[in-house]
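Whatever order the structure lists ligands and atoms in, that order sets their numbers, starting from 1. As the structure is a prediction and not an experimental result, all values here were calculated from the model. The first residue of the sequence shown is numbered 1, and numbering continues consecutively from there.
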Amino acid sequence: MEYVFAPPAPPSLPVEGMTARFPLRRILCVGRNYAEHAREMGHDPDREPPFFFAKPADALVQHGAVIPYPPMTADLHHEAELVVAIGTGGAHIAAGDALAHVFGYAAGNDLTRRDLQAEAKAARRPWDMAKGFDASAVIGTLRPGATPPEGRIRCKVQGEPRQEAALSEMIWPVAGVIAHLSRLIVLAPGDVIMTGTPAGVGPIRQGETCVVEIDGLAPAAVTLR
Ligand code: MN
């Protein structure tokens, strides 16, 4: 194939114990998946089913990266999330079969321009520029294996605890997320799903380092310069 200019290499993630990398196709995200976070954002978790949004694949930020504070915001927030990497695609995947489609798991940070998101919500406009901006998806090294991690998810800014929850608090566990999403779109190898954040979201300021930790997985850290 000849192109009018050289296409960029696909964004990719490192994989524990392998030299080969995971080629990233799409970044899908769950909107609300922990009851306490839904409440802190002013919603009733018992009445609202999960919904999805997306970030472009080239919004990926590698663990340990130093990135510029994003433009057009004064309220950049961290959202610590479990990331599921899809290894086998499919549509209308049953929850009971869903984990067989998983390549592995990573820690992630769904960086959010909270002020732009609040404006978008108020005006009933899309969230793309609040969620899918450049360098908005921090994802750590993938741990291969279909079994979801158990234990806790944490977020620290400058070493200070900001978010902490048990992964078992997810309203929709990994299999349910995959089942729901695969009814809306055909999942494909290389897709990753950021599965929602627990309560305690808050700002990261210029010069600060934010680390997301999940028991059993490599951390996902980012520094804002
Ligand atoms: Mn999120």
Side-chain angles (χ1 to χ4, degrees), residues 13 24 26-45 48-61 63 67 70 73 75-86 105-121 125-140 142 148-149 152-157 161-174 176-178 180-181 184-185 191-204 210-214 217 219-222 224:
L13 288 166
L24 192 59
R26 294 182 292 192
I27 303 172
L28 294 320
C29 306
V30 181
R32 280 171 210 125
N33 207 11
Y34 290 81
E36 281 305 316
H37 173 62
R39 286 190 201 101
E40 80 179 343
M41 300 304 285
H43 300 275
D44 179 350
E48 300 194 26
F51 62 92
F52 299 91
F53 59 92
K55 295 171 184 268
D58 67 3
L60 177 66
V61 177
H63 165 68
I67 61 171
T73 183
D75 199 21
L76 180 73
H77 273 206
H78 53 80
E79 293 194 355
E81 310 205 358
L82 172 66
V83 180
V84 183
I86 299 296
Y105 297 91
N109 195 340
D110 166 18
L111 295 177
T112 301
R113 294 195 279 209
R114 193 69 72 201
D115 42 3
L116 297 196
Q117 188 194 30
E119 285 172 21
K121 285 179 176 177
R125 288 181 183 149
W127 288 9
D128 300 53
M129 293 300 113
K131 285 289 196 179
F133 54 95
D134 295 338
S136 59
V138 188
I139 302 180
L142 279 171
R152 302 189 75 77
I153 180 168
R154 291 175 209 85
C155 180
K156 294 175 185 164
V157 177
R162 290 283 189 84
Q163 295 180 272
E164 180 166 2
L167 291 169
S168 59
E169 291 173 41
M170 286 169 65
I171 297 167
W172 299 95
V174 170
V177 167
I178 291 170
H180 270 267
L181 186 55
L184 290 161
I185 56 174
D191 289 340
V192 300
I193 309 168
M194 305 189 85
T195 58
T197 199
V201 298
I204 315 170
C210 181
V211 186
V212 174
E213 300 169 345
I214 292 176
L217 301 182
V222 67
L224 279 298

Chemist: Mind jotting down which residue pairs meet the salt bridge (Lys or Arg N to Asp or Glu O under 4.0 Å) criterion with at least one end in residues 194-203? Sequence neighbours excluded, please.
Modeler: none
Chemist: So, R114 and E79, do they make that salt bridge, N to O below 4.0 Å?
Modeler: yes
Chemist: Between F133 and R113, is there a cation-pi geometry (under 6.0 Å to ring centre, at most 45° from the normal)?
Modeler: yes
Chemist: Residues in side chain to side chain contact (heavy atoms under 4.5 Å, CB included) with A166, at least two apart?
Modeler: R152, S168, E169
Chemist: Counting C-beta onward and ignoring hydrogens, is there a side-chain heavy-atom pair between P50 and I171 closer than 4.5 Å?
Modeler: no
Chemist: Keeping waters out of it, list the protein N, O or S atoms under 2.8 Å from the Mn ion (ligand 1).
Modeler: E79 OE1, E81 OE2, D110 OD2
Chemist: Could you pull out all residues at least two apart from F53 that satisfy ring-ring contact (aromatic ring centres under 6.0 Å, His included)?
Modeler: W127
